2 protein chains.
Amino acid sequence: MSRKVSPASVAPALLGAFPEPGHDHAHCVDVALKQAESICQERGARLTDVRRRVLELVWRNHRPVGAYEILEHLGNSRKRAQPPTVYRALEFLLAQGLIHRIERLNAYIGCTAPERDHDGQFLICRDCGATAELLDRRIDTAIHAGASAAGFTVEHPTVELEGLCAKCRSHDHHG
Amino acid sequence: MSRKVSPASVAPALLGAFPEPGHDHAHCVDVALKQAESICQERGARLTDVRRRVLELVWRNHRPVGAYEILEHLGNSRKRAQPPTVYRALEFLLAQGLIHRIERLNAYIGCTAPERDHDGQFLICRDCGATAELLDRRIDTAIHAGASAAGFTVEHPTVELEGLCAKCRSHDHHG
DNA sequence: ATGACGTATGTTATGTTATAACAATTGCTG
DNA sequence: CAGCAATTGTTATAACATAACATACGTCAT
Ligand SMILES: [Zn+2]
Ligand SMILES: [Zn+2]
Ligand SMILES: [Zn+2]
Ligand SMILES: [Zn+2]
């Protein structure tokens, strides 16, 4: 019944880590939706049906999801939703910090720490597509320092790191 | 007539720095084209007319340029080129490391250090659009360290930093 | 409750970015 | 010149995103 959820109490295993293959993903989705409800209520933002539905679809797995992929799953069997419906929901969720946009992929992924105001760093596996969010102070520090040296003030960093996750690297090695 | 151009001898003022308002940009273009010629010759890659022309257009200024913007300037007055022409040239230039793609903007910018194999970091001014390339070891190090801690191997980092350049920040301040 | 207002969603059309597929041309080499 | 690979031309379409206007829905003052 708590309205305020402390960051440490929710989804702690996913910050900067890739999810285990057999993890309880229903739990991930559940936590994400509860956090969203709580955050929106605090702020007086309206988490409507469409928006909740889109958030749920973004959280279908730990890979970034495209807007048109969401669109396909959004319709009520016979009635297909239109692009603006999805894009407006995504815009809302981005504004509330509930999801992030992955620029490299024109796709969206659920935020694992929506209570904090941040721009995350993303680890994107080129093999399995799994994507983890990092919140690394040292990366932020290095970026701000490097930019400062050029007289530049960073406001919105985009850090998207394509590579291989541990699981896929070991496959490459042994296979 | 030197075929090999040492990195230190060309465009040294632009690495990690924003260009001065009144700088000799024809020189920037000239250097970029000469480097491109030299690099392609070394590698046996063919810098054809179309490719050189596109590279020149990417270098028209120090802001990322979209493919369709290039397209507009590519035609020979009455004959408009088609998208694949531009995209194929961009693909070649990317493969040779002569340009970079800015994912946030779906746009392309000339590389200021094409002799080195690298993924740069980009400082993108939200006000004037000027974009500078950074090659900061400490950012790279922090990124690889942070990713390693999550068992992730970074192969292709995208670092695009939107903010305010020194000039625009001072305008904001004083204006 | 009723109307007025602001927010959210539906709907249609279009804009923007990128690629697939195949034909024609060019440059090189035997 | 013939043969071959690389490049460019051409047509069509895919993928991603937004503009503009209509309709519905929630909230509040009357
Ligand atoms: Zn999960
Ligand atoms: Zn996040
Ligand atoms: Zn210049
Ligand atoms: Zn570069």
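Remember, predicted model here, so these are calculated numbers, not experimental data. Here is the naming used below: chain letters follow the sequence lines, and residue numbers restart at 1 for every chain.
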**Asked** Does a side-chain N or O from B/Arg51 land closer than 4.0 Å to OP1 or OP2 of D/dT8, or not?
**Response** yes

**Request:** Could you tell me whether the phosphate oxygens of C/dA8, OP1 or OP2, come under 4.0 Å of any side-chain nitrogen or oxygen in A/Thr48?
**Result:** no

For atom [atom1] of [X], is the number of surrounding heavy atoms from other residues, nucleotides or ligands below 6.0 Å larger than 12?
X	atom1	answer
A/Asp24	CG	yes
A/Arg138	CZ	no
B/Arg63	CZ	no

**Asked** Starting at the 5' end of DNA chain C, which residue's closest nucleotide do you reach first, A/Ala89 or A/Gln82?
**Response** A/Ala89

Without decimals, in angstroms, what is the distance between [X] [atom1] and [N] [atom2]?
X	N	atom1	atom2	value
A/Ile70	D/dA15	CD1	C1'	14 Å
A/Glu103	D/dC16	CD	C1'	12 Å
B/Arg46	D/dT8	CZ	P	7 Å
A/Leu90	C/dT9	CG	C1'	15 Å
A/Glu72	D/dA15	CD	P	10 Å
A/Arg52	C/dA8	CZ	P	14 Å
A/Leu93	C/dA8	CG	P	12 Å
B/Leu47	D/dT8	CG	P	10 Å

**Prompt:** Would you say the side chain of A/Val159 lies within less than 4.5 Å of the side chain of A/Ile143, judging by non-hydrogen atoms?
**Reply:** yes

**Prompt:** Tell me, do A/Glu133 and A/His62 make a side-chain contact under 4.5 Å, heavy atoms counted?
**Reply:** no

**Asked** Could you walk me through whether B/Asp119 and B/His156 pass the side-chain hydrogen bond (donor to acceptor under 3.5 Å, both in side chains) check?
**Response** CA-CA 7 Å; B/Asp119 297 283; B/His156 198 71; 3.1 Å; yes

Between the protein and nucleotides 14-21 of chain C, list every N/O to N/O distance that falls short of 3.5 Å.
from: C/dA18; atom 1: OP1; to: B/Arg101; atom 2: NH1; distance (Å): 2.6
from: C/dA18; atom 1: OP1; to: B/Arg101; atom 2: NH2; distance (Å): 2.7
from: C/dA18; atom 1: OP2; to: B/Tyr87; atom 2: OH; distance (Å): 2.9
from: C/dA18; atom 1: O5'; to: B/Tyr87; atom 2: OH; distance (Å): 3.4
from: C/dA18; atom 1: N7; to: B/Tyr68; atom 2: OH; distance (Å): 2.5
from: C/dA18; atom 1: N6; to: B/Tyr68; atom 2: OH; distance (Å): 3.4

**Pair A/Asp140 + A/Arg137, salt bridge at N-O below 4.0 Å** = no

